[in-house]
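Counting from 1, the numbers follow the sequence of the chain as shown. Hydrogens, waters and symmetry mates play no part in the numbers below; they use all other heavy atoms, side chains included. Whatever order the structure lists them in is the order used to number ligands and atoms, beginning at 1. Please read all numbers here as calculations on a predicted model, not as lab measurements.
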Amino acid sequence: MRTDRTFTMLKPDSVEKGHVGAILEKINASGFRIVAMKLTQMTTADAKEFYAVHSERPFYGELVEYMTRGPIVAAILEKDNAVDDFRTLIGATNPADAAEGTIRKLYAASIGENAVHGSDSDENAAIEGAFHFAGREMF
Ligand code: IDP
Ligand code: MG
């Protein structure tokens, strides 16, 4: 299992607020190479499947609604230790708990609308990247 790739989404709130450029700048400045990237919108079925692990949580409906309400920027990123380093860069799920200078501290409004996704394991990074991109879209 490779350890140098992760998957991210700049969520609908980031696109709506015009934060895409600033967030990508931070990602590049932190040493991640963009392997794949696109503006896309998840269907309800897509979001339900992507977040299936959370299907029993009380916020699942709200999460699916949020993630489908507008376009996202989906991307695969490459760097040594990508999953952990990217989770550090984005900060805690709840921006109130996120460290200073992290993407969620800077750009997230709440625990629900928290600006960015980052894979939580090498295995999920591969699954999530393949969910959004065909092999020919990865560079
Ligand atoms: P993560 O994105 O930091 O990995 P997860 O626990 O995997 O956090 O949750 C997935 C997403 O579900 C979060 O990024 C956030 O958008 C949403 N979420 C998590 N916890 C809550 C909550 O308590 N209320 C509302 N939405 C939540
Ligand atoms: Mg997660």
Exercise for review: Starting at CG of Asp85, measure out to NZ of Lys79 and round the result to the nearest 0.5 Å.
Suggested key: 3.5 Å
Review point. Less than 6.0 Å separating the ring centroids of Tyr60 and His54?
Key: no
Practice item. Could you check atom 16 (O) of ligand 1 against the protein and tell me its nearest heavy-atom contact, residue, atom and distance included? Key: Gly112 O, 2.9 Å
**Study point:** Between CD1 on residue Ile23 and OG on residue Ser14, distance to nearest 0.5 Å
**Key:** 3.5 Å
Check your understanding: Which protein non-hydrogen atom lies closest to atom 13 (C) of ligand 1, naming both residue and atom, and how far is it?
Key -> Asn114 ND2, 3.5 Å
Review point. For ligand 1, which atoms have a heavy atom of Arg104 less than 4.0 angstrom away?
Key: 1 (P), 2 (O), 3 (O), 14 (O)
Practice item. Please confirm whether Lys38 makes a cation-pi placement over Phe133, using NZ or CZ under 6.0 Å from the six-membered ring centre and within 45° of the ring normal. Key: yes
Revision key, fill the gap. Leu63 heavy atoms within 4.0 Å reach ligand 1 at atoms 11 (C), 12 (O), 16 (O), 17 (C)
Review point. So between Tyr60, Tyr51, Phe59, Tyr66, whose heavy atom ends up nearest atom 12 (O) of ligand 1?
Key: Phe59
Point to revise | Sub-3.5 Å N/O-N/O distance, His117 and ligand 1 | key: no
Check your understanding: Is there a chain of hydrophobic side chains (I, L, V, M, F, W, Y, each step under 4.5 Å between heavy atoms) that links Leu77 to Leu89?
Key -> yes
Point to revise | Element-labelled atoms of ligand 1 that are located less than 4.0 Å from some non-hydrogen atom of Glu62 | key: 25 (C)
Check your understanding: Between Lys11 and Asn114, is any pair of side-chain heavy atoms under 4.5 Å apart?
Key -> yes
**Study point:** Short N-O contact, Arg2 and Glu78, less than 4.0 angstrom
**Key:** yes
**Study point:** Ion pair Arg69/Glu113, N-O distance below 4.0 Å
**Key:** yes
Point to revise | ligand 1 versus Met67: contacting region, heavy-atom distance under 4.0 Å | key: neither
Revision key, fill the gap. Counting from 1 in the order shown, the ligand 1 atoms closer than 4.0 Å to a non-hydrogen atom of Arg87 are 1 (P), 3 (O), 4 (O)
Exercise for review: Fit a plane to each ring of Phe7 and His117, take the angle between them on a 0 to 90° scale, and name the class: parallel (under 30°), tilted (30 to 60°) or perpendicular (over 60°).
Suggested key: tilted
Check your understanding: Which bit of Ile111 is near ligand 1, meaning a heavy atom under 4.0 Å away: side chain, backbone, both or neither?
Key -> both
Check your understanding: Which ligand 1 atoms, with their elements, are less than 4.0 angstrom from a heavy-atom of Lys11?
Key -> 13 (C), 14 (O), 16 (O)
Check your understanding: Taking only heavy atoms of His54, which atoms of ligand 1 are found under 4.0 Å from at least one of them?
Key -> 5 (P), 6 (O), 7 (O), 9 (O), 10 (C)
Check your understanding: So which heavy atom in the protein is nearest atom 8 (O) of ligand 1, and how far is it from that ligand atom?
Key -> Thr93 OG1, 3.3 Å
Check your understanding: Does Asp120 come within less than 4.0 angstrom of ligand 1, counting non-hydrogen atoms of the residue?
Key -> no
